[in-house]
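Here's the structure we're looking at; comments come further down.
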2 protein chains.
Amino acid sequence: MKKFMNDVDQAENEMILGLVKAYPKDLRKLDCGNVVVRRNKKENKVALISGGGSGHEPAHAGYVGTGMLDAAVAGAVFTSPTPDQIYEGIKAIANDAGVLMVIKNYTGDVMNFEMAAEMAEADGILVKQVIVNDDVAVKDSLYTVGRRGVAGTVFVHKIAGAAAERGDDLGQVQETANKVIANVRTMGAAIRPCTVPAAGKPGFELAEDEMEVGIGIHGEPGTHREKIKTANEIVDLLLDKILSDIDYEGSEVAVMVNGSGATPLMELFIINNRVSDVLKEKGISVYKTYVGEYMTSIEMEGFSVSLLKLDAQLKSLLDEKADTPAWKA
Amino acid sequence: MKKFMNDVDQAENEMILGLVKAYPKDLRKLDCGNVVVRRNKKENKVALISGGGSGHEPAHAGYVGTGMLDAAVAGAVFTSPTPDQIYEGIKAIANDAGVLMVIKNYTGDVMNFEMAAEMAEADGILVKQVIVNDDVAVKDSLYTVGRRGVAGTVFVHKIAGAAAERGDDLGQVQETANKVIANVRTMGAAIRPCTVPAAGKPGFELAEDEMEVGIGIHGEPGTHREKIKTANEIVDLLLDKILSDIDYEGSEVAVMVNGSGATPLMELFIINNRVSDVLKEKGISVYKTYVGEYMTSIEMEGFSVSLLKLDAQLKSLLDEKADTPAWKA
């Protein structure tokens, strides 16, 4: 295994330290573990917490800041954070307005976040949750009952974060987050695997002419493997499935073309060229486009496309200012 | 070769189209080639143009926008743009305040930008240039007489761009750009090569336990190869050379930890953790830190560290607002 690392057991910790040292005025790390908390939080606003296994950087700690998350909890690579960790994160940001947990739909994450919420509620902290399940590739999967939560989660951070920042109450922020979840769909594909540091070898293998369609963000299987196609053909495959899942016709959307970690930006823009053309053909209007690495899988070479169907409320919240390490605008 | 592409010959063109379609209100592509121009340019300000071979995305087209570049010219992958292309870019942005060309120090780039400038001057356009040569690794190299221009170039875009945006004249903007160049130093290392699409195979090979120290942004040789070390040891190697090149003691710096394309953000933050600690030990104060992909080498797995020594003027220009696809703040 060839990586820029020191001690594999310290990778998550050193990563979080390196992040916080890059943004010392904006972020702090809790002493009790890999929990990143926003400095200078507005008082009396709903606090947002998210997190999950590490290896998806900049998710989630890169979205801690003005207009997005108040805390992010980082488990070991591809491993749910513990209930204790999450509980510490909740306590660090809790106030009378309550806490919303944004959870990606993986069995371990849901269980541990819910346990943490129970611990916090025993302290009198008001906690609600939403569960993101935007991946249309597979219904159930290796780590999931129901659909997986993938890159669309970042739209939930952005939009629910903006709602909280402008002063919506906990019920409203939860409702807005659920509206994003109801309207965002994602699907991905990959051509090269990633290596979990503690495992030391790739999580799966693909032949030199093969791709995995509908792959998950931990490299878990998607719908099928087939011979690699052109970028345009792969985009068409993914969009077919996304567009048949909810009715986007005549609507405005936000597009996210998300790289899995090792996909050159050149290729992501080639992909967006096709996404943009197909949506135009289908009469779907693009309100905003995001191309880059938002929810990665260490150094997997792959990408996903997310489409978020917008209305006036979601557009206005998407347009609100955010200022975090990985999302500014 | 496994890439998300359609026609290799169309890769640069489709990439630029995909970029412009992601930011249709901010960017446009010239009909005559892969030249990206800023929409809504302020009138009568010095216009900045940069560019070079493709494969370094988001450099340079990702830095076209408010407070940075007015145009970026994209050659074929790792190949200088032609004088004609550059000339079209200059004409598209020229006004009475003149044009500053920001050129990375590669023989082909310098020659072609200078030829384009001569063509523009024959039209009565005022053109000046600066040449960026921030890479301390090697004195001369495969494509260079003198040092190579690498990630530090992005600081030139940012700071000279801010100077132009606030209304400095051509001589002042050039002087400010040269001040950045005099004060920025960079060095990198890599553990995995990249594949130029048209070549179809990696540009070099490294054994499973080897790294290239001082590598260039086209994968060209650095100072030497040696067995891969820990992240901290590699950072120390690079910083030793950077810090011995100019005197940073007691000064404030901007830090850029730049990924080469396939390096996980997790590892870049682990790297920044060490960079931050070493600078603290040496009494060098970090004013701002940038961690991410700023000047890549397709899917090379590597990174570089840049240190820009700041004074009050450079700090204030670095702090000015910029709004481009790849640099906001």
Side-chain angles (χ1 to χ4, degrees), chain A residues 2-7 11-12 14-19 21-24 54-55 57-58 62 77 191-192 194 208-209 211 228 230-232 234 255 257 261-277 286 289-293 296 298-299 301 303 323 325-326 328-329, chain B residues 2-7 11-12 14-19 21-24 54-55 57-58 62 77 191-192 194 208-209 211 228 230-232 234 255 257 261-277 286 289-293 296 298-299 301 303 323 325-326 328-329:
Chain A
K2 228 175 175 181
K3 287 184 186 281
F4 294 114
M5 288 208 171
N6 298 300
D7 179 350
E12 298 85 355
E14 289 182 1
M15 166 185 71
I16 295 293
L17 287 171
L19 169 69
K21 286 174 190 173
Y23 302 94
S54 292
E57 293 68 32
V77 173
I191 54 177
R192 256 184 221 98
C194 58
E208 190 46 39
D209 63 350
M211 63 174 174
I228 186 169
T230 66
N232 287 357
I234 301 170
V255 174
V257 175
T263 314
L265 200 47
M266 163 177 271
E267 294 170 41
L268 297 181
F269 281 121
I270 290 173
I271 288 160
N272 185 57
N273 186 44
R274 181 63 172 188
V275 171
S276 170
D277 287 352
V286 176
T289 303
Y290 302 86
V291 179
E293 295 187 337
T296 61
I298 325 176
E299 77 284 45
E301 202 166 331
F303 71 96
D323 186 4
K328 295 183 198 295
Chain B
K2 228 174 174 181
K3 287 184 186 282
F4 294 114
M5 287 208 172
N6 298 299
D7 180 349
E12 297 86 355
E14 289 182 358
M15 166 184 71
I16 295 293
L17 287 171
L19 169 69
K21 287 174 189 173
Y23 303 94
S54 292
E57 292 69 31
V77 173
I191 54 177
R192 256 184 221 98
C194 58
E208 189 47 37
D209 63 350
M211 64 174 174
I228 186 169
T230 66
N232 287 358
I234 301 170
V255 174
V257 175
T263 314
L265 200 47
M266 164 178 270
E267 294 170 40
L268 297 181
F269 281 121
I270 291 173
I271 288 160
N272 185 57
N273 185 43
R274 180 63 173 187
V275 171
S276 170
D277 287 352
V286 176
T289 303
Y290 301 86
V291 179
E293 294 186 338
T296 62
I298 325 175
E299 78 284 46
E301 203 167 329
F303 72 97
D323 185 4
K328 294 183 199 297

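So that the names make sense, note that chain A is the first sequence line, chain B the second, and so on, each numbered from 1.
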Problem - Taking every non-hydrogen atom, the tightest pair across B:L265 and A:P58 - result: CD2-N, 3.6 Å

Completion exercise
To the nearest 0.5 Å, atom CD of B:E299 lies from atom CD of A:E301 at 6.0 Å

Practice task
Below 4.5 Å from any heavy atom of chain B, which atoms of A:I298 appear? Answer side chain, backbone, both or neither.
Solution key: both

Completion exercise
Okay, B:V275 and chain A: the region with an atom under 4.5 Å from a heavy atom over there is neither

Completion exercise
Closest heavy-atom pair, B:M15 versus B:S54, reported as atoms and distance to 0.1 Å, is CE-OG, 3.7 Å

Handout entry: Beyond-backbone contact of B:I270 with A:M5, side-chain heavy atoms, under 4.5 angstrom
Key = yes

Fill in the blank from the handout: B:V291 and A:A22 have their tightest heavy-atom pair at CG2-CB, 4.2 Å

Exercise for the section: Measure B:T296 against the heavy atoms of chain A and call it side chain, backbone, both or neither at under 4.5 Å. Expected result: neither

Practice task
Give, for atom CG of B:L19 and atom OG1 of A:T289, the distance between the pair rounded to the nearest 0.5 Å.
Solution key: 10.5 Å

Problem - Region of A:D277 that comes under 4.5 Å of a non-hydrogen atom in chain B - result: side chain

Problem - Residue pair A:M266, B:V77: steps toward the side-chain contact (heavy atoms from CB on, under 4.5 Å) verdict - result: CA-CA 10 Å; A:M266 163 177 271; B:V77 173; 3.6 Å; yes

Practice task
Under 4.5 Å heavy-atom distance to chain A, tell me which part of B:I234 shows up: side chain, backbone, both or neither.
Solution key: side chain

Completion exercise
Turns out that what part of B:A11 lies under 4.5 Å from chain A's heavy atoms comes down to both

Fill in the blank from the handout: When the 4.5 angstrom heavy-atom criterion is applied to A:I271 and chain B, the contacting part is side chain

Problem - B:I191 portion near chain A, given a 4.5 angstrom heavy-atom threshold - result: both

Problem - Contact origin within B:I228 toward chain A - heavy atom pairs under 4.5 Å - result: side chain

Practice task
Considering only heavy atoms and a distance below 4.5 Å, find which of A:E267, A:E293, A:E14 pairs most often with chain B.
Solution key: A:E267

Handout entry: Structural part of A:V286 lying under 4.5 Å from a heavy atom of chain B
Key = neither

Fill in the blank from the handout: Max heavy-atom pairs within cutoff under 4.5 Å with chain A, candidates B:R192, B:R274, B:E208, goes to B:E208

Handout entry: B:N272 side chain to A:G18 backbone, donor-acceptor under 3.5 Å
Key = yes

